[in-house]
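Data block below; observations after.
Everything quoted here is computed from the prediction, not taken from an experiment. Order of the sequence lines sets the chain letters (A, B, ...), proteins ahead of strands, with each chain counted from 1.
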Amino acid sequence: MGTASDKKLFDENGLRLDGRSPGDLRPIRIETDVLNRADGSAFIEWGGNKIQVAVYGPREAYPRHMQNINQAFVRARYNMAAFSVDERKRPGPDRRSMEISKVISEALQAAVMVELFPRAQIDVFIEVLQADAGTRIAGLTASAVALAAAGVPMRDLVVGCTAGKVDGKVVLDLSKEEDNFGQADLPVAVMPKSGKVVLMQMDGDLSIDEFNEATSMIFKATERINQIQRDALKKNYASTAQDWGE
Amino acid sequence: MGTASDKKLFDENGLRLDGRSPGDLRPIRIETDVLNRADGSAFIEWGGNKIQVAVYGPREAYPRHMQNINQAFVRARYNMAAFSVDERKRPGPDRRSMEISKVISEALQAAVMVELFPRAQIDVFIEVLQADAGTRIAGLTASAVALAAAGVPMRDLVVGCTAGKVDGKVVLDLSKEEDNFGQADLPVAVMPKSGKVVLMQMDGDLSIDEFNEATSMIFKATERINQIQRDALKKNYASTAQDWGE
Amino acid sequence: MGTASDKKLFDENGLRLDGRSPGDLRPIRIETDVLNRADGSAFIEWGGNKIQVAVYGPREAYPRHMQNINQAFVRARYNMAAFSVDERKRPGPDRRSMEISKVISEALQAAVMVELFPRAQIDVFIEVLQADAGTRIAGLTASAVALAAAGVPMRDLVVGCTAGKVDGKVVLDLSKEEDNFGQADLPVAVMPKSGKVVLMQMDGDLSIDEFNEATSMIFKATERINQIQRDALKKNYASTAQDWGE
Amino acid sequence: MPRDELDVMSEIKRNYILQKIRKDGIRADGRKLDEMRKVVIQTNFIPRASGSAVVTLGRTKVVCGIKIEAGEPFPDTPNQGVLTTNVELLPMAFPTFEAGPPSEDSIEIARVVDRGIRESKMIDLQKLVVEPAKQVWIVFIDIDVIDYDGNLIDACTIAAVSALATAVVPASTIGQKDFPLPITCRPASVTMLKIDNVVVVDPDLEEEQIASARLTVTMAEDGHLKAMQKGEPGFFTLEEIQKAIKTSSDVGSQIRNNYPK
Amino acid sequence: MPRDELDVMSEIKRNYILQKIRKDGIRADGRKLDEMRKVVIQTNFIPRASGSAVVTLGRTKVVCGIKIEAGEPFPDTPNQGVLTTNVELLPMAFPTFEAGPPSEDSIEIARVVDRGIRESKMIDLQKLVVEPAKQVWIVFIDIDVIDYDGNLIDACTIAAVSALATAVVPASTIGQKDFPLPITCRPASVTMLKIDNVVVVDPDLEEEQIASARLTVTMAEDGHLKAMQKGEPGFFTLEEIQKAIKTSSDVGSQIRNNYPK
Amino acid sequence: MPRDELDVMSEIKRNYILQKIRKDGIRADGRKLDEMRKVVIQTNFIPRASGSAVVTLGRTKVVCGIKIEAGEPFPDTPNQGVLTTNVELLPMAFPTFEAGPPSEDSIEIARVVDRGIRESKMIDLQKLVVEPAKQVWIVFIDIDVIDYDGNLIDACTIAAVSALATAVVPASTIGQKDFPLPITCRPASVTMLKIDNVVVVDPDLEEEQIASARLTVTMAEDGHLKAMQKGEPGFFTLEEIQKAIKTSSDVGSQIRNNYPK
């Protein structure tokens, strides 16, 4: 977690620097089918995060020796644009982005009906255009929408959210400054129908009680975020229906 | 193009630093079949440029998925020796040499009768041993000779030449200093029988009139350079005939 | 060889800094089958060197085009742990370790009955955990033991030893300081039954007489080292027999 | 340029496109030979960057972000800032684009875009010196291709020029005052393809798949040539090139009208 | 985690393991569900390193060496030392491990180990400053995996913590006095796997091959969570996670008892 | 060493070479066992380099260019210049040579050539110091192999020694006077192959393809050994090596006669 600092992260009314209460989410907007070439796509704005996701597949897995005769595999590639962060980032994967790609792939693998597509792979490309804390969770949330928009059969969507500890208090959906100067970070993703946890990482310092408080905040928030996902997909289906009607 | 400078590039008689008139070429010498292992080879000296070219093929394209069932592809690899430039160059391709390899490959592809060799590749290796402005054009000119020397069937040779703008005047075949301090650079390659342009790049600043003056200079020069190519090949055929006669 | 220096490398009694006479070896200890997963393994301590070796194979050579229809090939990979040397070493092969891998592979290839395993490869992984001069020779000596422990049929073991020149005197088995400040280094490996030389490298300055003195020292030493190899293997066979007896 | 996934386009489609061009002088999507697709430019899309633009050119879409950072000049140009251009053909943009080190295609695109901007002297690099030979401003142009339907060179040039035209040098990071990136002109590249013996402007992917040769001409307001690049294994006659230069002058002016003021 | 060479385990073996766990609550090797394998720690194995440990965890074996070198701090943390963790899955450890750049697996292991040590503040990085913003101590944790039979995260954490706990800062190299690496606590990671609906501790390779999901929980003496990582494509319920945290608290204390004093 | 394209040589050819050597003590091209092929050395071929040489050894051809640049010494040798040797097995030289990072073969060749030059102390590195610990001359030896017909080690050594012997340190670039690279001796490497039980000098490619073992011996004028390298999977007896050293002493003198004065 972040560096220690004297930075005040709450005002006198207990509100956060951006005016949110501890349990508030930043604004989230999801749009689907924004790209033409991909089989499915979604664009998410979550606070200052701007993330483009595209899905290709199911398609034959390549190279051949990667094929699994029982099921498809989901291969997410999380990438940060060179201009997405304060200091220009050299293109190409680093260790952080490789780890994130792995945990996102595993989380999506749990939700996709991979058993329907033996020998196939499903590619999920996540491009972070502007980063503002919580990119993995925002990218994963958008990925689930893009998969659905691509018509990939899923058991459920996947919804991610982060909680953390700031100045000793548990808060939802860390902002960039809270991420930099906070004491704990807990990104979680669930399948919202069942509450099954498909991604969980944590670093910093949390007592067991704080952990329970944080997860309870996250679970509540995922319901709201899932609604935003479903609305985005509905709008998409609506416009598809309209297209047909013409 | 080069850096602005107060450097004088013409003398009081309108001659260039190396004594040439605006429309003069530097000395060019081409020798063929200088290597034993390659299927064909040519060595070119063009001003201070010293460039070795070798051709292998047509041979089965590898890897397999590169094979085109209708025709061969020409793959030129332009490379600069570590000692070819003022400051020692780290071995291996850089972005500049990759672009040059691409445009040379495309220029040669236009001249070779690729339709005669489905699934094949023809490799052209261009090693710049000493660089002195105009290496891409010199390397391409030598490549055409090496292909012919290898017995690769061609519609026509390919001849390259450069024009540029120096102190506001259009001149032929830029020298190293003119390249460094000039205002425009226009490398062109043609198939000399038909005048078809198979390579053209330009950077700097040229008015339309200057462009027309430059191309007209280049077209005239390519006739002379083509003659040097044909002489080199004739000498080669002559010595081959002699070999047979023995 | 090392840098010139005023460092004294012998005491008044003609003994070396670590108390050895010119013809003495450092202590050597070899243990076999210290790893569970590998087909065979050996761990060697030789002076301050600590080197772990593991053998996998014979197994089908991969990629396919590496397969030799007449025989197996031995592929040794010599690698230094990041913490094995004074200044932390970046992981991955460098030019030195690639050369050492090559000469060790060739030396082992001579001893293994490769003709029994067409299309196969035998991998020998050598990990230098602590380096203390003579790692290639110690790694090779342990590799032969690991191959035998893996049940790979061999014409003979391979035994390595180094001699060198220090303060103008020929000495056996250079220590780290002698290696750094000495005048010549001569690593040699032989098949001990026949005395055939399968590895020899040399750098520094040796007269022909010094060379002959050095090789004669080495040949005598390899008998002693070979005994240590055989003892290690006997202990291993003994414990295997015991296992069967239970 | 990349082919479609199976590296084939149906004979029927190919013939349809060719015939339409030959007989009617009209392209498959109804455009005239020298007609650009619709261009939409949205600047300041990435507020955290020094400048940015999202550009759609028909169904091709690219995002350009500019980062401007203080750093050392090149030893041979101590009195000017540094410019560097990079294009990423993201795998999300097309089925055969692959992650990894830049391909020949992406390098060619980046270098042609870079030459247009550099040679037109769009950015006044002399004004980007903090302390000669010690510290200058480095301008990173990074372009993400996120949707690919042909003519990346022009889409990337439009995005880069638009992002640069609205960029701000973050001089406050070194204790000075931020100032707009000093801009002298607005270059426009125009890419043309030769299909059969006809030259078309702003090709889409299907046209790229049947074309024999490509020519890009970059000009600035002064009507001078700043950069040219012939690509693909076909050829142009000198007359075709001269005509293409004329076309690019006209079309370039239209593009320039779309640029942010 | 890597599968076995043929990526298959016999149905018979698979069923045997599963049934034993389901029916008897006992694992194939006789362990209870929350029972670690035998841990053997040998420190100071590499005397030339600043600290070192060889750890066997059942039949898994790793070697950790610590190098501590003077160097520059990161610009944004001028007042603390630097910590870096690297894990090498050596090809000698398993038939399918390959030489070359780090795999996704080795990166994940290294990052989870690193987070446990970093977030527990085990090393007092503030005490590793020679001159603020100029010179600090850089602690390199390098771990060689030489024999693989499951649960590398815990084996590597144990090795790293043990090696650090016995490490010495070689300050004499810069004319000062050597001193023990300043240590504040001893974190322990506990990795659990979900097989069927049962969670087991310290899985061996065969268990990894049939498990659906993995969870690692790292705590220090204060009983607080310092790092967590869920892995593999399966899921956990929140209840399972809460129970796993409880388990890891107990098992972590046992591990801590094994650490060098 | 690389095999021919199909990795096979016809049995007939193989037998012919072997029989000729066994029965007549003569090689397929008529040479005696200890006879070098014709050596042609052309120095100053690359006038822009600090030194250069093109060498043909039979039908093997290599180009060596020396660059000498001011730079920093290694920390542990503050009082001497730096020497570095690189060999490129260019794809133009042989059908199976590939572009890309250096192969094991090219690294071995470069390192054996380097050792011969370094250990003979041919270059007086102590005279290449501008300011101790700050600035020294770095000597880059780069060798392009452009035509391959066996025995690259000797061809490259001859090229490197010839280029160095005629090289000039460009001290005028730092405001001093150019001076000839300080040379103390002229090492010569002699590479021998064992075919059957016969040892031949300066093997061509066909001989390399049927040989079992290789030995390179590098000596200087003082008749001392400076570097040795045994290669390939065969063996030598100690007697064979002693005889080879004798041979290399004689042949090395012949090579030295060819070096530029």
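- Contacts with chain C were tallied for F/S249, F/A227, F/G231; F/A227 has the most, counting heavy-atom pairs under 4.5 Å.
- The candidate from F/Q229, F/M228, F/M219 with the greatest count of non-hydrogen atom pairs under 4.5 Å with chain C is F/M228.
- Going from atom CZ of F/F235 over to atom CZ of C/R155 covers 10.0 Å, rounded to the nearest 0.5 Å.
- Minimum heavy-atom separation, F/G234 to C/A110: O-CB, 4.4 Å.
- Per-residue counts of heavy-atom pairs under 4.5 Å with chain F were compared for C/T215, C/V197, C/V198; the largest is that of C/V197.
- Counting only heavy atoms from C-beta outward, the side chains of F/E108 and C/V103 approach each other to under 4.5 Å.
- A 4.5 Å side-chain heavy-atom check between C/Q201 and F/T216 finds every atom pair outside the cut-off.
- Annotation: residues 237-246 of chain F contacts chain C through F/L238, F/I241, F/Q242, F/I245 [non-hydrogen atoms, separation under 4.5 Å].
- In this structure a side-chain-to-backbone donor-acceptor pair under 3.5 Å is missing from C/E106 to F/P233.
- C/D205 has its side chain out of reach of F/E119: every pair of non-hydrogen atoms, C-beta onward, lies at least 4.5 Å apart.
- The backbone N or O of F/D105 lies less than 3.5 Å from no partner atom in the side chain of C/K102, so there is not a single donor-acceptor pair.
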Apply side chain to side chain contact (heavy atoms under 4.5 Å, CB included) to C/M202 and F/L225, showing your working.
-> CA-CA 8 Å; C/M202 181 260 159; F/L225 297 161; 4.0 Å; yes
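- Residues F/R111 and C/R96 meet the side-chain proximity criterion, which asks for heavy atoms closer than 4.5 Å.
- We find the CD-CD1 distance between C/E99 and F/I107 to be 9.0 Å, quoted to the nearest 0.5 Å.
- From F/K230, atom NZ reaches atom CG of C/L199 across 7.0 Å, with rounding to the nearest 0.5 Å.
- Nearest approach of C/M98 to F/P102, heavy atoms of both residues: CE-O, 4.2 Å.
- Heavy-atom neighbours of C/M66 CE from other residues, nucleotides or ligands within 6.0 Å: at or below the threshold of 12.
- Sparse packing is recorded around CD of F/E98, with 12 or fewer heavy atoms of other residues, nucleotides or ligands lying under 6.0 Å away.
- When the candidates C/M191, C/Q109, C/E210, C/R95 are compared by the number of heavy-atom contacts under 4.5 Å with chain F, C/R95 comes out ahead.
- With a 4.5 Å cut-off on non-hydrogen atoms, C/F73 does not touch chain F at all.
- In this structure, C/Q227 places its CD atom where more than 12 heavy-atom neighbours from other residues, nucleotides or ligands lie under 6.0 Å away.
- Using a 4.5 Å heavy-atom cutoff, the side chains of F/H224 and C/F211 are not in contact.
- Applying the side-chain contact (heavy atoms from CB on, under 4.5 Å) test to C/R90 and every residue at least two apart in sequence or in another chain returns nothing.
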